[in-house]
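So the structure is just underneath, and the comments pick up after that.
Predicted, not measured: the structure shown is a model, and the values here were computed from it. Nothing fancy with the numbering, it's 1 onward along the sequence.
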Amino acid sequence: MNLTVIIMFLVFVGATLVITYFASKRTQSTNDFYTAGGGLTGWQNGLAISGDYLSAASFLGIAGAIALWGFDGFFYSVGYLTAYLVVLYIVAEPLRNLGKYTVADMIAARFELKKVRAFAALSSITIVIFYMLAQLVGAGALVQLLFDIPYSVSVILVGIMMTIYVLFGGMTATSWVQMVKAVLLMIGTLIISFLVLLNFNFNIFAMFGEMKNVTAPELEGPFLNPGSQGTSPLNNISLIVALLFGTAGLPHILMRFFTVKDAKTARSSVMWATWIIGIFYILTIFLGFGAAALLTREEIIAANPAGNMAAPLLAERLGGDFLMSFVAAVAFATILAVVAGLVLSGASAFAHDIYGQVIKKGKMNDKEQMLAARTAALSVSILSIILALFAQNQNVAFLVSLAFCVAASANLPVIIYTIFWKRFNTQGAITGIITGLVVSLILVILSPNVMDPSGNAFIAMEPIFPLNNPALISVPAGFIGAFLGTFLGKAESHEKYREVKVKSVTGISTSDVSH
């Protein structure tokens with residue numbers, strides 16, 4: 001623990017608390033709390049989306065995964081980036097036009113049955129908790145390394161901070177913290193990348209030439225080729241499927257499209273976000289390979305067994321205490337910004353969908369809705385903190401990939417069928433969500449991540465399911481479940497679909513036009 005680190009952390013925490021204070025004055029209604037009043041511009045929301053998406057998994061997890069496993073780690077960068085094409089071309093505009101606060105709102109625009117909304121909300125809460133788990137593990141490892149305090153204390157402190165942002169500032173505070181963090185993260189990443197290239201005299205080929213010589217007993221293949229972890233090609237394909245399709249089902253990312261005034265601004269947001277995110281993921285090459293070249297494998301693993309501390313250690317090697325303190329503070333900012341968005345989406349799924357629409361049947365005044373939202377935010381935070389205390393040795397990029405898997409399996413099939421399939425019905429929506437959710441969760445429990453005979457996972461036994469990420473099975477299962485449920489259920493009127501089809505493209509309700 002040193003003075004520079006403490007000052008950097010205090011400056012950032014102080015700045016974010018000031019943002020939260022001013023945001024709390026503007027958070028008067030439920031609409032303000034969930035969507036910042038829908039008043040963000042395209043570039044502001046694009047920056048905020050970047051801040052929400054570039055999580056601890058991106059900055060800490062991917063850098064560590066590339067540093068330890070080479071190209072196998074870079075799969076995460078490829079998957080996360082290309083996923084935004086699915087969001088841009090398929091989901092962003094219809095979601096903004098059909099929804100109000102949550103993913104369940106969008107599905108309920110076509111299916112008014114309360115069960116559909118309840119299952120959609122349950123799926124969103126499950127995804128949020130998986131994702132939160134990854135962020136809190138990263139935060140715990142970071143604060144433990146820098147301040148030399150126990151991991152459990154680190155996780156609890158971060159949990160308290162994120163809860164403050166959400167309870168008092170809502171989406172306005174969360175959005176501005178995410179914007180500031182996105183700018184700081186890009187600055188930090190550019191500085192490290194520049195210094196890594198400087199170390200190789202700006203010769204990228206020299207850097208890759210050195211990477212060819214990286215060896216370690218754990219590597220089961222060349223460092224620059226796929227398969228260095230000894231996993232099967234199917235494992236890597238399954239991971240890419242999860243990353244590619246998962247973003248379009250992530251509730252905290254989709255929720256950001258409700259913070260803008262119309263679908264045109266939503267598209268503009270995605271364009272801004274794609275450029276920022278694209279540049280960042282290209283730079284992860286220099287973060288990961290720079291760490292592999294300039295640090296020893298033993299150093300990286302000693303700081304954190306999953307490699308999550310590779311980026312801060314690289315910053316210390318290149319720029320001393322000051323750069324390491326800046327990068328650590330930015331990583332901390334990254335985690336706080338993302339978990340605030342996650343808490344908000346989890347709270348909205350519970351308070352707005354389950355409590356407000358299913359239990360109270362929409363009969364709540366604004367004050368009751370705000371109280372329910374804040375209570376739900378507190379509950380989501382506490383549950384995530386408790387789970388994070390038991391996941392210290394998991395790589396955060398991997399933990400996030402599980403959240404992507406559930407999102408791609410449970411949410412995406414129903415979103416796509418709701419928008420594009422005329423025959424789709426209520427039974428199909430419920431069956432699709434349940435199938436995707438149950439299959440992905442069961443296969444995760446039976447996978448090598450949870451079952452490991454060496455005792456490094458939660459259960460000390462041989463895994464029953466061979467793939468680390470079950471998306472290759474669970475995503476098709478979600479689509480097939482929704483398809484079969486539709487044909488086994490009773491046919492429904494296509495009148496609602498016609499309205500959804502028009503509204504998803506134009507934002508105009510046919511019932512409004514007829515009046």
Side-chain angles (χ1 to χ4, degrees), residues 23-24 26-39 95-129 131-132 162-163 165-175 249-260 340-384 407 410-411 414-415 418 426 429-430 433-434 437 496 500 503 509 511:
S24 66
R26 296 171 57 186
T27 305
Q28 304 298 327
S29 66
T30 311
N31 194 36
D32 294 333
F33 187 81
Y34 287 139
T35 67
L95 186 83
R96 174 62 191 82
N97 286 334
L98 294 171
K100 185 181 180 183
Y101 296 142
T102 64
V103 176
D105 277 340
M106 178 257 193
I107 297 168
R110 182 168 174 186
F111 308 111
E112 294 173 359
L113 191 68
K114 301 299 181 190
K115 277 184 186 176
V116 177
R117 185 183 284 275
F119 282 117
L122 180 65
S123 168
S124 293
I125 291 168
T126 306
I127 295 160
V128 163
I129 288 171
Y131 214 110
M132 283 275 286
M162 72 187 181
T163 309
Y165 293 155
V166 175
L167 289 183
F168 298 104
M171 181 58 90
T172 305
T174 299
S175 296
L250 289 175
H252 69 293
I253 297 295
L254 299 181
M255 191 179 181
R256 292 231 54 93
F257 297 122
F258 303 130
T259 63
V260 295
L342 287 164
V343 170
L344 205 51
S345 60
S348 65
F350 180 81
H352 174 66
D353 294 322
I354 295 176
Y355 183 73
Q357 298 297 322
V358 177
I359 298 174
K360 300 289 284 186
K361 297 179 172 57
K363 296 173 183 173
M364 292 172 70
N365 60 37
D366 214 49
K367 189 176 178 181
E368 288 176 316
Q369 287 189 61
M370 285 289 285
L371 178 62
R374 286 179 166 139
T375 304
L378 193 59
S379 305
V380 169
S381 298
I382 292 169
L383 178 59
S384 301
N411 281 2
V414 177
I415 290 172
T418 297
T426 304
I430 293 172
I433 293 170
I434 293 174
L437 189 60
K496 200 71 179 174
V500 163
K503 192 176 181 182
S509 171
S511 57

Which distance, rounded to the nearest 0.5 Å, do you find between the CG of Leu383 and the CG of Leu378?
11.5 Å

Using only atom types and a distance under 3.5 Å, with no angle test, would you say the side chain of Arg96 pairs donor to acceptor with the backbone of Val260?
yes

Please list, chain by chain and in numerical order, all residues satisfying side chain to side chain donor-acceptor pair (under 3.5 Å) with Lys496, sequence neighbours excluded.
Glu112

Tell me which pairs pass salt bridge (charged side-chain N to carboxylate O under 4.0 Å, His left out) where either residue lies in residues 342-352, with sequence neighbours left out.
none

Which atom names give the shortest non-hydrogen contact between His252 and Tyr131, and what distance separates them?
CE1-CE1, 3.6 Å

Among residues at least two apart in sequence or on other chains, which ones pass side-chain contact (heavy atoms from CB on, under 4.5 Å) with Ala377?
Val166, Leu167, Val343, Ala347

I need the minimum non-hydrogen distance between Gly346 and Val380, along with the two atoms involved.
C-CG2, 4.1 Å

List the residues meeting side-chain contact (heavy atoms from CB on, under 4.5 Å) with Val500, not counting sequence neighbours, and say none if there are none.
Leu98, Arg110

Given side chains that start at C-beta, do those of Asn411 and Leu254 come closer than 4.5 Å, heavy atoms only?
no

What pairs with Ala410 under side-chain contact (heavy atoms from CB on, under 4.5 Å), at least two apart in sequence or on another chain?
Ser123, Leu437

Only counting residues at least two apart or in another chain, list the ones meeting salt bridge (Lys or Arg N to Asp or Glu O under 4.0 Å) with Lys115.
none

State, to 0.1 Å, how close Val103 and Pro251 come at their nearest heavy-atom pair, and which atoms those are.
CG2-CA, 4.1 Å

List for me each residue that meets side chain to side chain donor-acceptor pair (under 3.5 Å) alongside Asn97, sequence neighbours excluded, and say none if there are none.
none

Applying side chain to side chain donor-acceptor pair (under 3.5 Å), name anything that partners Thr126, two or more places apart in sequence or on another chain.
none

Validation row: Asp353, Asp105 side chains within 4.5 angstrom (heavy atoms)
yes

Which atom pair, heavy atoms only, marks the closest approach of Met255 to Ser348?
CE-OG, 3.6 Å

Taking only residues two or more places apart in sequence, or in another chain, which ones meet Ile354 in a side-chain contact (heavy atoms from CB on, under 4.5 Å)?
Ala121, Ile125, Phe350, Ile359

Atom pair CD1 (Ile107) and OG1 (Thr426), whose distance is rounded to the nearest 0.5 Å:
11.5 Å

Here the pair of heavy atoms bringing Val116 nearest to Ala429 is CG1-CB, 4.1 Å

Quick one: side chain to side chain donor-acceptor pair (under 3.5 Å) partners of Ser175, sequence neighbours excluded?
Arg256

Nearest heavy-atom pair of Ile433 and Phe119: which atoms, and what distance?
CG2-O, 3.5 Å

